[in-house]
Amino acid sequence: MEPLLLYFFFRPRQRIIRAMTTVAASFASIAINLKAPNCRPLARTLTSIYLLNNQLEFQTFWPSWICKSLRIERTLSSSAVSEAASSAPTSSPNCYSEYHRLLPCPLQNRPPRVEHLVVSEDGPVADYISKALDLPLLYVSDLIHFGAVYYALVCPKPPPTATPEEIRIYKEATAPEVLRNRPSIKGKTVREAQKTCRITHVNEFVEAGTYLRVHVHPKRYPRCYEIDWKSRILAVSESYVVLDKPSGTSVGGTTDNIEESCATFATRALGFSEPLRTTHQIDNCTEGCVVLARTKEYCSVFHGKIREKKVKKLYLALAAAPVPIGVITHYMRPINMAPRLISEDFIKGWHLCLLEVLECKKVLWPNSVTEEKYGVQDCGWPSKDFAYECKINLLTGRTHQVRAQLAACGAPVVGDSMYMPAAIAEMTNPGLNPFGVHKRQYTSENDKEMAIQDWVAHHGKEPNVAIGLQACQISWDDGLYCYNAGSPWWR
């Protein structure tokens with residue numbers, strides 16, 4: 001008997017399918033590794049998406065899967081994309097030339113690669129993944145250390161794009177008579193057994209039938225290794241640490257990388273034996289004050305203060321145009337996906353967004369040397385003589401709120417490659433924003449939906465490092481505790 005490998009292709013979300021000026025590739029696959037009688041190696045066509053020079057090009061390649069040795073040989077179907085494909089990871093006879101260790105940290109991220117497997121035999125998890133995906137054992141150990149490997153006792157349901165054959169195999173793997181013989185799931189419902197958890201130890205034992213999700217190319221944060229973290233510590237108490245977070249870093253890590261985070265590096269800089277915990281978030285491209293809890297108990301306490309609106313946050317925003325003083329009100333679409341769409345008018349079910357502009361003063365636009373030093377992107381704003389530094393009291397805390405609201409006011413944040421392109425498009429073509437002040441009337445819901453998709457496509461990608469936004473002050477308990485960040489990068 002040989003293991004059968006099936007691959008599903010996921011279409012990327014609409015937000016990924018948009019014009020980009022740099023080469024990017026996005027693909028994902030699910031590999032279900034099961035033992036089945038009389039099964040033969042299955043070659044399936046996969047589709048790889050390349051976003052080149054603002055054009056979405058679909059190219060197809062056929063991998064020849066040698067199931068017994070689990071070694072991959074891939075050939076592109078067209079020589080026309082060979083140059084573009086060379087930027088993506090290729091496979092050697094044993095794949096080891098491409099995968100060594102996760103450190104040192106590369107300057108560029110690899111295209112996403114997520115593999116999903118069902119374990120065919122009991123044993124240590126790292127050994128199984130190494131053999132199943134033909135990856136070096138040390139590389140798999142690094143992935144586990146980074147928090148990039150997950151498991152569930154039972155394989156989740158396949159996506160709607162799955163073929164009848166793939167669905168059949170899933171049903172066989174999760175059949176009641178099969179699950180009844182799994183001692184690890186006795187007393188659990190199937191839904192409980194499908195809950196995913198992180199693998200934390202390389203020698204963790206997994207039994208046959210266990211589902212594994214492996215983020216082979218975790219998102220990397222090279223800026224973490226450039227920072228003097230001790231110099232970014234604003235305060236240390238018995239319960240918490242206040243950090244002046246640098247831009248280009250993640251507060252608490254990502255789904256596939258909890259190692260390269262502010263919490264991890266601050267913990268090491270302070271020599272703590274227990275890891276610091278995240279109490280709240282600011283965007284990766286934003287710098288400024290972040291509170292990290294030293295204990296699980298204080299983490300809950302601070303979450304409670306946020307819920308009770310006892311925490312006050314002030315921001316400094318470097319806007320590309322002047323912003324009126326006073327309270328600005330918008331409503332944000334309740335979809336947890338970037339870009340965040342907001343409306344001038346009330347829409348039922350959309351989240352209220354309030355911020356108060358306390359000050360707005362004219363300053364010089366940052367020079368090219370400063371922008372290059374902090375990785376600030378040129379987003380095409382027509383006039384770069386002056387910018388406007390705004391002090392903002394954030395009254396509601398929505399993801400991307402300051403960035404989205406200022407862009408909707410025609411004053412996007414400097415360097416914000418996601419929201420500034422859309423603001424420029426609305427300036428040159430008023431009415432393009434279906435939720436803006438110049439919105440058009442649509443004859444049908446279908447026309448409006450098409451207009452929304454078109455508006456989403458005018459947004460860019462998430463900034464690489466820094467934008468003109470700083471969480472300059474955080475306070476709680478009516479100002480009893482108050483901390484200020486250092487000077488923002490543009491001063």
Side-chain angles (χ1 to χ4, degrees), residues 125 141-153 184 187-188 191-205 213 215 218-219 221 224 227 229-230 232-246 249-284 286-313 336 394 396-399 471 473-485:
V125 63
S141 299
D142 287 346
L143 289 176
I144 293 172
H145 177 68
F146 270 58
V149 180
Y150 292 77
Y151 79 96
L153 297 175
S184 62
K188 296 183 177 68
R191 187 168 182 176
E192 289 172 341
Q194 288 175 332
K195 181 180 178 182
T196 55
C197 302
R198 266 197 177 97
I199 295 285
T200 55
H201 300 288
V202 294
N203 292 324
E204 194 163 328
F205 182 87
R213 187 178 80 235
H215 297 259
K219 186 175 181 179
Y221 294 91
C224 286
I227 304 299
W229 288 93
K230 278 191 175 181
R232 310 292 298 201
I233 304 297
L234 298 176
V236 179
S237 79
E238 292 182 356
S239 304
Y240 61 84
V241 169
V242 183
L243 175 74
D244 189 354
K245 172 193 173 297
T249 61
S250 170
V251 176
T254 56
T255 301
D256 54 8
N257 186 348
I258 57 174
E259 166 65 18
E260 293 168 341
S261 69
C262 293
T264 298
F265 277 77
T267 299
R268 289 177 185 160
L270 293 168
F272 291 163
S273 57
E274 291 296 319
L276 292 168
R277 293 168 168 81
T278 303
T279 64
H280 63 107
Q281 294 283 352
I282 59 176
D283 294 339
N284 295 347
T286 303
E287 64 181 22
C289 297
V290 171
V291 177
L292 301 170
R294 295 188 63 176
T295 64
K296 184 178 179 180
E297 292 73 22
Y298 190 78
C299 191
S300 298
V301 168
F302 200 84
H303 286 162
K305 294 180 186 296
I306 293 174
R307 285 193 303 270
E308 296 164 9
K309 302 189 183 302
K310 292 181 178 179
V311 178
K312 182 179 180 180
K313 302 176 186 177
N336 188 26
L394 192 61
T396 56
R398 312 292 183 194
T399 302
Q473 184 184 98
I474 189 166
S475 61
W476 61 93
D477 293 350
D478 295 325
L480 181 61
Y481 303 94
C482 183
Y483 301 96
N484 294 282

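Hydrogens, waters and symmetry mates play no part in the numbers below; they use all other heavy atoms, side chains included.
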Next on the checklist: For Val241 and Phe272: C-alpha separation, side-chain torsions, deciding distance, then whether side chain to side chain contact (heavy atoms under 4.5 Å, CB included) applies.
Outcome noted: CA-CA 11 Å; Val241 169; Phe272 291 163; 3.9 Å; yes
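- Closest heavy-atom contact between Gln473 and Cys482: CD-SG, 3.6 Å.
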Next on the checklist: Under the criterion side chain to side chain contact (heavy atoms under 4.5 Å, CB included), I'd like the reasoning laid out for Leu270 against Arg294: C-alpha separation, chi angles, the key distance, then a yes or no.
Outcome noted: CA-CA 11 Å; Leu270 293 168; Arg294 295 188 63 176; over 6 Å; no
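- Taking both residues in full, the closest heavy atoms of Ala152 and Lys195 are given as CB-O, 3.5 Å, listed atom of the first, atom of the second, then distance.
- With hydrogens and angles disregarded, no donor-acceptor distance shorter than 3.5 Å links the side chain of Ser141 to the backbone of Val202.
- Looking at every heavy atom in both residues, Ser261 comes nearest to Gly252 through CB-C, 3.7 Å.
- The shortest side-chain heavy-atom distance between Tyr151 and Val125 does not fall under the 4.5 Å cut-off.
- The minimum heavy-atom distance between Lys245 and Val290, with the atom names listed, is CB-CG2, 3.9 Å.
- Of the possible polar contacts, one joining the Arg198 side chain to the Gly147 backbone as a donor-acceptor pair under 3.5 Å is found.
- For Thr267 (side chain) and Leu276 (main-chain N/O), a donor-acceptor pair under 3.5 Å exists by modelled atom type.
- The line from CG of Leu292 to OG1 of Thr279 is 6.5 Å long, rounded to the nearest 0.5 Å.
- Taking CD1 from Ile306 and CD from Glu308, the interatomic distance works out to 10.5 Å, rounded to the nearest 0.5 Å.
- Taking 4.0 Å as the cut-off between side-chain N and carboxylate O, Arg268 and Glu260 do not count as a salt-bridged pair.
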Item to check | side chain to side chain contact (heavy atoms under 4.5 Å, CB included) evaluation trace for His215 with Thr254 | outcome: CA-CA 11 Å; His215 297 259; Thr254 56; over 6 Å; no
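- Around the NE2 atom of His201, the shell of radius 6.0 Å holds no more than 12 heavy atoms that belong to other residues, nucleotides or ligands.
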Item to check | Trace of the side chain to side chain contact (heavy atoms under 4.5 Å, CB included) decision for His280 with Ile474 | outcome: CA-CA 11 Å; His280 63 107; Ile474 189 166; 3.7 Å; yes
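- Under the ring-ring contact (aromatic ring centres under 6.0 Å, His included) criterion, Tyr240 pairs with Tyr298, Trp476, sequence neighbours left out.
- No side-chain heavy atom of Phe265 sits under 4.5 Å from any side-chain heavy atom of Ile227.
- Around the OH atom of Tyr483, the shell of radius 6.0 Å holds more than 12 heavy atoms that belong to other residues, nucleotides or ligands.
- Closest approach of Ala266 and Trp229 over heavy atoms only: N-CE3, 4.5 Å.
- The two residues Cys289 and Ala485 have their closest heavy-atom pair at SG-N, 3.4 Å.
- Atoms CG and CZ, from Leu243 and Arg232 in turn, are 7.5 Å apart once rounded to the nearest 0.5 Å.
- The side chain to side chain contact (heavy atoms under 4.5 Å, CB included) search around Thr286 returns Ile282, Asp283, Tyr315, Ile467, Leu469, not counting sequence neighbours.
- Electrostatic pairing of Asp477 and Lys305 counts as a salt bridge here, judged by a charged N lying under 4.0 Å from a carboxylate O.
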